[in-house]
Amino acid sequence: MKIRKLIAGNWKMNGSLAANAALLDGLLAGVGAAAAEVAVCVPAPYLAQVGARLQGSPIALGAQDVSAYAQGAYTGEVSAAMLQDFGVRYVLVGHSERRQYHGETDATVAAKARAALSAGIVPVVCIGETLVQRDAGQTEAVVGAQFAAVAEALGESIDGIVLAYEPVWAIGTGKTATPEQAQAVHAGLRARLRDAYPAAAGVRILYGGSMNAANAAELLAQPDIDGGLIGGASLKAPDFLTIVAAAQ
Ligand code: PEP
């Protein structure tokens with residue numbers, strides 16, 4: 001089964017009205033009829049600006065987080081229904097920076113994924129091991145447990161997610177998993193998806209972690225790498241577009 005790849009940019013906490021406008025101009029000028037689906041996950045205050053600019057374009061709007069709660073006394077939170085109001089198609093859930101700096105647990109991540117799905121938004125569920133865990137030979141067990149928490153919470157609706165394997169040691173560090181290292185984890189995740197629910201074998205599994213214009217083609221050529229989640233390189237239009245072009 002040929003899966004259409006997804007290249008998603010994660011702008012993290014970067015940008016300004018002026019910088020976003022310039023970046024979007026560059027992206028829209030060069031994206032053309034990309035073989036891959038393309039998305040940008042932007043800071044919440046810029047959803048309206050970016051959503052308006054992307055209207056009618058081939059680039060989808062994404063957010064970086066969503067509340068597990070539907071509404072009410074959760075100061076500072078943004079609900080899935082609010083994201084839906086702005087035409088958000090994808091939302092990152094459980095990014096390692098949120099797990100690390102905001103105490104998000106597997107249970108929180110699963111609840112957020114469920115909240116997104118119930119609003120018709122595709123959660124991009126991020127999982128990955130730390131360097132200490134990899135060196136201790138725990139990669140498979142760690143990503144397996146992170147995956148299982150989401151699979152148990154979602155049941156058959158697991159087929160509506162995107163999975164992103166992001167080794168924590170590769171995020172923002174310039175260290176990339178080798179294509180073989182990434183492929184090995186992705187193949188394991190594909191098997192877990194199939195075991196959880198046969199229809200979920202077609203769920204896209206993105207790789208994230210210092211993917212850039214120079215290394216994207218080799219990573220994206222692996223049979224179980226169905227796209228990329230791109231941080232730093234998504235802030236430079238030429239680099240991001242090179243990655244998009246590498247996704248066939
Ligand atoms: C990310 O933030 O998800 C990420 C992969 O960042 P970077 O590409 O900068 O490593």
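Owing to the predicted nature of the structure, the values given are computational and were not obtained by experimental measurement. Just follow the structure's listing: the first ligand is 1, and inside any ligand the first atom is 1.
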Legend entry - salt_bridge(R89, E37) N-O dist < 4.0 Å: yes
Legend entry - Best match, M211, Q64, K12, E166: closest heavy atom to atom 2 (O) of ligand 1: K12
Legend entry - Any D65 side-chain heavy atom under 4.5 Å of E104 side chain: yes
Legend entry - Closest approach of any protein heavy atom to atom 10 (O) of ligand 1, naming residue and atom: G172 N, 2.6 Å
Inset, instruction - Would you mind finding which of G231, S234, C41 brings a heavy atom closest to atom 8 (O) of ligand 1? - result: G231
Inset, instruction - Would you check whether A233 reaches within less than 4.0 Å of ligand 1, judged by its heavy atoms? - result: no
Legend entry - Side-chain donor-acceptor contact under 3.5 Å, D224 with Q183: yes
Legend entry - A164 heavy atom under 4.0 Å from ligand 1: no
Legend entry - From R190, R204, K5, K2, residue fulfilling salt bridge (charged side-chain N to carboxylate O under 4.0 Å, His left out) relative to D226: R190
Inset, instruction - Give a yes or no on whether a salt bridge exists between E140 and R192, defined as a side-chain N under 4.0 angstrom from a carboxylate O. - result: yes
Inset, instruction - Group every Ile, Leu, Val, Met, Phe, Trp and Tyr by side-chain heavy-atom contacts under 4.5 Å, then state whether Y101 and M13 land in the same group. - result: no
Inset, instruction - Check ligand 1 against G232 and write out every atom of the ligand that is under 4.0 Å from a heavy-atom position of the residue. - result: 7 (P), 8 (O), 9 (O)
Inset, instruction - Using a strict cut-off of 4.0 Å, indicate which atoms of ligand 1 neighbour a heavy atom of G209. - result: 5 (C), 10 (O)
Legend entry - Heteroatom distance test (N10, ligand 1): nitrogen or oxygen, under 3.5 angstrom: yes
Legend entry - Rounded distance [0.5 Å steps], CD1 in I3 versus CD1 in I205: 7.5 Å
Legend entry - Under 4.0 Å to a heavy atom of S210 - the qualifying atoms of ligand 1, by number: 7 (P), 8 (O), 10 (O)
Inset, instruction - Report, in ascending order of atom number, the atoms of ligand 1 lying under 4.0 Å from any heavy atom of L229. - result: 3 (O), 5 (C)
Legend entry - Side chain S67, main chain S79, donor-acceptor under 3.5 Å: no
Inset, instruction - Identify the protein heavy atom lying closest to atom 1 (C) of ligand 1, giving its residue, its atom name and the separation to 0.1 Å. - result: H95 NE2, 3.2 Å
Inset, instruction - Heavy-atom contacts with A170 under 4.0 Å: which atoms of ligand 1 show up? List them by number with element. - result: 10 (O)
